[in-house]
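Please read the structure below before turning to the comments.
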Amino acid sequence: MNLRDLSALRGPLLLLALILALGAGAIVFSERFMERAEREAMQQKALLQEARLRYQRSGDEKETIVRYLGGYEQLQRDGVVGEERRINWIDGLRNANISSELFGVDYQIGVQQPYPAGGATQGGIELRQSVMKIRLPLLHEGDLLHFLDTLKRQQVGLFLVDQCV
């Protein structure tokens, strides 16, 4: 091999070097592209798994709502849950007084406060109460029982007698 042969091979050798450099660059680029695609695929799989879990939880929540909806609606009708209906209580006290043929009723309804059942919440819902004091002139204790029974039948809300003086 002489100098003339080498000068004749210079073009093809440069072309070979250029092709090898381009090939190496393509391999590096494709590896980086593949790594990025794999990362994106893993992120999409994680998002899909999260969406599936949310969908499953929503189905569970829907099932829970359907299961307890009737009971919850009954509690709303009974005045146990939902907005406090003070006007209903006042009307109920007046009607129970008239129906029981008593001599008037005085009442005080306090502000809502947490129910003192150990300060616990039920299912993330804080239980609240409004303390009501009622003053009734009675001829005998049977009048009180009749008044409370009449008030209960009106279904103005849930009440518990705490003490009687």
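For reference, positions follow the sequence shown, starting with 1. Every value quoted in this text rests on a predicted model; they were computed, and no experiment measured them. Just so it is clear, the values below take in all heavy atoms, side chains as well, and ignore hydrogens, waters and symmetry mates.
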Throw together a table of side-chain donor-acceptor distances under 3.5 angstrom for residues 92-108, partners on residues two or more places apart or in other chains.
residue	atom	partner	partner atom	Å
Asn95	ND2	Asp91	O	3.2
Asn97	OD1	Gly104	N	3.2
Ser100	OG	Ala96	O	2.8
Ser100	OG	His146	ND1	3.1

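- Remark: Gln112 engages Arg128 in a side-chain hydrogen bond (donor to acceptor under 3.5 Å, both in side chains) (not counting sequence neighbours).
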If you apply the rule side chain to side chain contact (heavy atoms under 4.5 Å, CB included), what do you find for Trp89 with Leu151, and how did you get there?
CA-CA 9 Å; Trp89 275 107; Leu151 192 60; 4.0 Å; yes
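- Using a 3.5 Å distance cut-off with no hydrogens or angles, the side chains of Arg153 and Thr150 do pair a donor with an acceptor.
- Note that the CG atom of Leu160 and the CG atom of Leu148 stand 11.0 Å from one another [nearest 0.5 Å].
- The pair Glu50-Arg54 meets the salt-bridge criterion, with a side-chain N (NZ, NE, NH1 or NH2) lying under 4.0 Å from an Asp/Glu carboxylate O.
- Here Phe159 contributes atom CZ and Gln129 contributes atom CD; the two are 14.5 Å apart, rounded to the nearest 0.5 Å.
- The closest side-chain heavy-atom distance from Lys45 to Leu47 is not below 4.5 Å.
- Counting heavy-atom neighbours within 6.0 Å of Asp162 CG, excluding the residue itself, gives a total of 12 or less.
- Around CD of Gln113, the count of heavy atoms belonging to other residues, nucleotides or ligands within 6.0 Å exceeds 12.
- We find the CD-CE distance between Glu38 and Met42 to be 8.5 Å, quoted to the nearest 0.5 Å.
- Atoms CG and CG, on Leu136 and Leu144 in that order, are 6.5 Å from each other to the nearest 0.5 Å.
- Taking OG1 from Thr64 and CZ from Arg57, the interatomic distance works out to 13.0 Å, rounded to the nearest 0.5 Å.
- Heavy-atom contacts from other residues, nucleotides or ligands closer than 6.0 Å to CG of Leu22 number more than 12.
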Step by step, would you call Ile134 with Met132 a side chain to side chain contact (heavy atoms under 4.5 Å, CB included)?
CA-CA 6 Å; Ile134 300 173; Met132 183 185 325; 3.9 Å; yes
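- Annotation: the span from Ser58 atom OG to Leu53 atom CG amounts to 11.0 Å, rounded to 0.5 Å.
- The 12-atom threshold is exceeded at CZ of Arg67, counting heavy atoms of other residues, nucleotides or ligands nearer than 6.0 Å.
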